[in-house]
Amino acid sequence: MNSIKTGRKYRADEVFYQIGKVIWLPFILAGFWFAYVGYDRYGELAQCSIKKISGLPCPGCGGTRAFYYLFRGELLKSFRLNPTVIYGVAAYIHFMLLYFYRKHLSGAGRQKEIYIPYYMYAAIAVILVQWIVKIVRMLLLII
């Protein structure tokens with residue numbers, strides 16, 4: 001008896017959608033726990049070692065505080081500290097809604113796969129731009 005399994009090839013957008021459905025609730029719960037309990041207890045542990053040593057911010061500087069303010073509802077403060085956090089939430093919501101619409105509401109059958117790397121390219125751009133802005137602002141304050 002031949003028991004060769006015929007594997008189904010999964011599309012990347014299907015996999016990301018399924019993962020996204022699973023992680024949203026733990027993410028929300030962890031975010032609220034961190035914003036209302038964890039930051040007071042563990043906030044000092046999240047200080048940037050690179051900034052402590054070199055005096056220059058790293059590309060992720062402000063991310064922990066941005067996450068904190070996001071779950072406190074202070075979106076502008078969160079954006080100012082590190083816009084990548086807000087971008088991540090917006091990209092997640094955009095992807096999940098786009099996939100859901102294409103799969104369940106558009107009625108067009110199998111559509112072209114959502115190209116996941118575009119989300120990453122945009123995230124890298126946001127990270128680099130905010131990092132450069134922070135360094136320039138810091139250097140202008142020194143001069």
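Being a predicted model, the structure only gives us computed values, none of them experimental.
Between Thr64 and Phe34 there is a side-chain heavy-atom pair separated by less than 4.5 Å. Under the 4.5 Å side-chain criterion, counting only non-hydrogen atoms from C-beta, Ile114 is in contact with Leu98. When side chains are defined from C-beta on, Tyr39 does not count as touching Phe71, because their heavy atoms never get closer than 4.5 Å.
Remark: Phe16 CZ is loosely packed, at most 12 non-hydrogen atoms of other residues, nucleotides or ligands lying under 6.0 Å away. A 6.0 Å sphere centred on OH of Tyr92 holds more than 12 heavy atoms belonging to other residues, nucleotides or ligands. Within 6.0 Å of the CD1 atom in Ile116, the count of heavy atoms belonging to other residues, nucleotides or ligands exceeds 12. Within a 6.0 Å radius of CH2 in Trp33, other residues, nucleotides and ligands contribute more than 12 heavy atoms.
Here CZ of Arg72 is found 13.0 Å from OG of Ser78. Values are rounded to the nearest 0.5 Å. Annotation: the span from Arg137 atom CZ to Ile132 atom CD1 amounts to 14.5 Å, rounded to 0.5 Å. Between the NZ atom of Lys21 and the CE atom of Met96 there is a distance of 7.5 Å, given to the nearest 0.5 Å. For the atom pair OH of Tyr69 and CZ of Arg65, the computed distance is 8.0 Å after rounding to the nearest 0.5 Å. Here the CG-NZ distance, from Leu139 to Lys134, works out to 14.0 Å after rounding to the nearest 0.5 Å. In this structure, OH in Tyr17 is found 9.0 Å from CZ in Phe95, a value given to the nearest 0.5 Å.
Hydrophobic cluster membership differs between Val129 and Met138, with clusters built from Ile, Leu, Val, Met, Phe, Trp and Tyr side chains linked at under 4.5 angstrom. Both Tyr68 and Val37 are part of a single hydrophobic cluster, where members link through side-chain heavy atoms under 4.5 Å apart. One hydrophobic cluster, built from ILVMFWY side chains closer than 4.5 Å, holds both Tyr10 and Ile19. Both Val126 and Ile93 belong to a single network of hydrophobic side chains, linked directly or stepwise wherever heavy atoms of I, L, V, M, F, W or Y lie under 4.5 Å apart. Using a 4.5 Å cut-off between side-chain heavy atoms of Ile, Leu, Val, Met, Phe, Trp and Tyr, with links allowed through other members, Tyr87 and Ile127 fall into different hydrophobic clusters.
Relative orientation of the Tyr115 and Tyr118 rings is perpendicular, given thresholds of 30° and 60° on the angle between their planes. Ring geometry for Phe67 against Phe27 counts as perpendicular: the plane angle is over 60°, on a 0 to 90° scale with 30° as the lower cut.
With hydrogens and angles ignored, the 3.5 Å screen pairs a side-chain donor or acceptor of Gln130 with a backbone N or O of Pro59. The backbone N or O of Pro57 lies less than 3.5 Å from a partner atom in the side chain of Trp131, making a donor-acceptor pair. With hydrogens and angles ignored, the 3.5 Å screen pairs a side-chain donor or acceptor of Glu113 with a backbone N or O of Ala12. Under the 3.5 Å distance criterion, the side-chain polar atoms of Arg102 are matched with a main-chain donor or acceptor of Lys112.
Taking each heavy atom of Ile50 and Cys58 in turn, the nearest pair found is CD1-CB, 3.9 Å. What you find for Ala66 and Val85 is that their closest heavy atoms are CB-CG2, 3.7 Å.
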